[in-house]
Amino acid sequence: MTAFDSPADPAPPIRGHLSTRHHHHGWWWKSLLVGLALWVVTIFVTGLTLNSNLIPTLILLGSFLVPFCVVLFVVERVTGNISMLQLVLAFFVGGIFGVLGASLLEANLGATPVLYVAVGLIEEFVKGVVLVVIGWRVVPKTAAQGALLGATVGAGFAAFESAGYAFNAALSSQGIDLVSLLQTEVIRSLTAPVAHVLWTAILGAVIFGAARGGSRYRWSWWIPVAYIGGSLLHALWDSMSGIASVLAVLLTGGALDELRSGFLTTQTQRTLEALTTTFYVVGLALVAIVGVTFLVLVLRHFRRREQPDVTEIETETRAAS
């Protein structure tokens, strides 16, 4: 036990909850390939026929494909007493309540320097509450279980949020902007596994890991640490475009003077665009690496502490059966 953790729960081990063994059929990547093919076909038919009735299909396919595959990935790896119904609730209900709660709490946020930090804190808080409620009866509560359930909640949030972004991108003064819609879906699909999914997986791993394989949640100071850390990573991720632009201006000779004069030369504009894109991609990659590293360290930390309890539970369950 570390200084960050609460005292051990004296409750007896849980009986009757032997971890379920799942077969890895690879449904997540098979569904990804099939869904990608359907998405491409839908794009082709939409462009060929100019049928606006297909736009909702494009939005749903592009926004839900990757998050849905995350759920399939979880289904093949989750253990304990987590049912398919709980995972469906975590994805759909968690995603809907997540975006609704975040929208209500973010409604009065102004364009301030701390906007992205506030958004990160709000959205991670909402997803954390949804995760705790849905996972209340999950047994045993381990870091791995929490990470998988958290990833499911994050995937639901990402799917519904991406659908909103895709819808807004499709609207323009000239009608439906198909190119903008597709660009938005591609970017958000590529980043979905290392954005909302990752942040909530980290928080879920710490919340469930603090229970150390038990049936009840336990307090640990690592929980607020994970919450704040995930929120800051979230804020960095969302603000990376602005950060990249500032760095590009600072590192381009003469750009500041040209901006003050109100005129940028063609060469300076090209340089700024190239540097901004480079810094943006590299910045997102660094944030993702930090997040994945954080998650791996959390899982390793709690796995060492949970292993004896989980082994005991499984041994006693086999003996009882």
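Everything numeric here is computed off the predicted structure, so don't read it as measured data. Starting from 1, each residue takes its place in the sequence as its number.
In terms of modelled atom types and a separation under 3.5 Å, the side chain of Glu76 and the main chain of Trp27 share a donor-acceptor contact. Glu161 contributes no side-chain N or O that, together with a main-chain N or O of Val99, makes up a donor-acceptor pair within less than 3.5 Å. At distances below 3.5 Å, at least one donor-acceptor pair connects side-chain atoms of Asn81 with backbone N or O atoms of Val139. Of the possible polar contacts, none joining the Thr142 side chain to the Arg303 backbone as a donor-acceptor pair under 3.5 Å is found. A side-chain donor-acceptor contact under 3.5 Å links Lys141 to the backbone of Ser215. Side chain of Tyr217 to main chain of Val132: a donor-acceptor pair is present (N/O by atom type, distance under 3.5 Å, no hydrogens or angles). Listed for the Ser83 side chain is a donor-acceptor partner under 3.5 Å among the backbone atoms of Gln86.
Between Ile223 and Ala210, the closest heavy-atom pair is CD1-CB, 4.4 Å. In terms of heavy-atom proximity, Thr252 sits nearest to Ala248 at OG1-O, 2.6 Å. Counting all heavy atoms, side chain and backbone alike, Ser63 lies closest to Ala166 at OG-CB, 4.1 Å. Residues Ala205 and Val298 approach most closely at CB-CG1, 3.8 Å, considering heavy atoms. Closest non-hydrogen pair, Val194 versus Ala288, comes out as CB-CB, 3.9 Å. Between Leu299 and Ala147, the shortest heavy-atom contact is CD2-CB, 4.2 Å.
Identified under the side-chain hydrogen bond (donor to acceptor under 3.5 Å, both in side chains) test for residues 41-50, with sequence neighbours left out: none.
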> Going through the checks in order, is the side-chain contact (heavy atoms from CB on, under 4.5 Å) test met by Leu36 and Leu32?
Replying inline: CA-CA 6 Å; Leu36 181 60; Leu32 181 63; 5.5 Å; no
> What do the steps show when you test Lys127 against Leu203 for side-chain contact (heavy atoms from CB on, under 4.5 Å), and what is the final call?
Replying inline: CA-CA 9 Å; Lys127 289 187 292 179; Leu203 184 58; over 6 Å; no
> Run the salt bridge (Lys or Arg N to Asp or Glu O under 4.0 Å) check on Glu273 and Arg270 step by step: do they pass?
Replying inline: CA-CA 5 Å; Glu273 290 174 359; Arg270 292 175 178 173; over 6 Å; no
> Is there a side-chain contact (heavy atoms from CB on, under 4.5 Å) between Ile59 and Ile55 once you walk through the steps?
Replying inline: CA-CA 6 Å; Ile59 292 176; Ile55 296 301; 3.9 Å; yes
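Partner of Leu181 under the side-chain contact (heavy atoms from CB on, under 4.5 Å) criterion, chosen from Thr184, Asp177, Leu178, Val179: Leu178.
Applying the 6.0 Å contact sphere to CZ of Phe68 captures no more than 12 heavy atoms from other residues, nucleotides or ligands.
There is a path of hydrophobic side-chain contacts, each under 4.5 Å, that joins Val296 to Val287. Ile243 and Val282 fall into different hydrophobic clusters, where Ile, Leu, Val, Met, Phe, Trp and Tyr residues are linked whenever their side-chain heavy atoms come under 4.5 Å apart, directly or through other members. Under the 4.5 Å side-chain contact rule for hydrophobic residues, Leu54 and Val40 do not share a cluster. Phe97 and Leu85 end up in the same hydrophobic cluster when Ile, Leu, Val, Met, Phe, Trp and Tyr side chains are linked at under 4.5 Å. Both Trp199 and Val225 are members of a single hydrophobic cluster when ILVMFWY side chains are connected at heavy-atom separations under 4.5 Å.
Between Phe302 and Phe208, the distance from one ring center to the other does not fall under 6.0 angstrom. Ring pair Phe64/Phe160: centre-to-centre distance below 6.0 Å. For Tyr116 and Trp237, the distance between ring centers is not under 6.0 angstrom.
Between Arg77 and Leu148 the shortest side-chain heavy-atom distance falls below 4.5 Å. Side-chain contact check for Thr57 versus Leu61: some heavy-atom pair is nearer than 4.5 Å. With contacts defined as side-chain heavy-atom distances shorter than 4.5 Å, the pair Leu100/Leu104 does not qualify. Under the 4.5 Å side-chain criterion, counting only non-hydrogen atoms from C-beta, Pro193 is in contact with Val66. Using a 4.5 Å cut-off on side-chain heavy atoms (C-beta onward), Cys69 and Trp29 make no contact. Counting only heavy atoms from C-beta outward, the side chains of Ile176 and Ser52 approach each other to under 4.5 Å. Side-chain contact between Val88 and Val71 is absent, with no heavy-atom pair separated by less than 4.5 Å. Side chains of Leu87 and Leu89 form no contact here, defined as non-hydrogen atoms less than 4.5 Å apart.
Expressed to the nearest 0.5 Å, how far CG of Leu198 lies from OG1 of Thr200 amounts to 8.5 Å. In this structure, CZ on Arg137 lies 13.5 Å from CZ on Arg216, to the nearest 0.5 angstrom. To the nearest 0.5 angstrom, Leu48 atom CG is 13.5 Å from Ile43 atom CD1. Atom-to-atom distance recorded for Arg300:CZ and Leu295:CG is 11.0 Å, nearest 0.5 angstrom. For the atom pair CG of Leu284 and CZ of Phe279, the computed distance is 13.5 Å after rounding to the nearest 0.5 Å. Here the straight-line distance linking atom CD1 of Ile187 with atom CD of Gln183 works out to 6.5 Å at 0.5 Å rounding.
Residues that satisfy the side chain to side chain contact (heavy atoms under 4.5 Å, CB included) test with Val290, not counting sequence neighbours, are Leu233. Partners of Pro224 under the side chain to side chain contact (heavy atoms under 4.5 Å, CB included) rule, at least two apart in sequence or in another chain, are Trp219, Trp221.
Glu185 and Trp39 share a donor-acceptor pair across their side chains, judged by distance under 3.5 Å alone.
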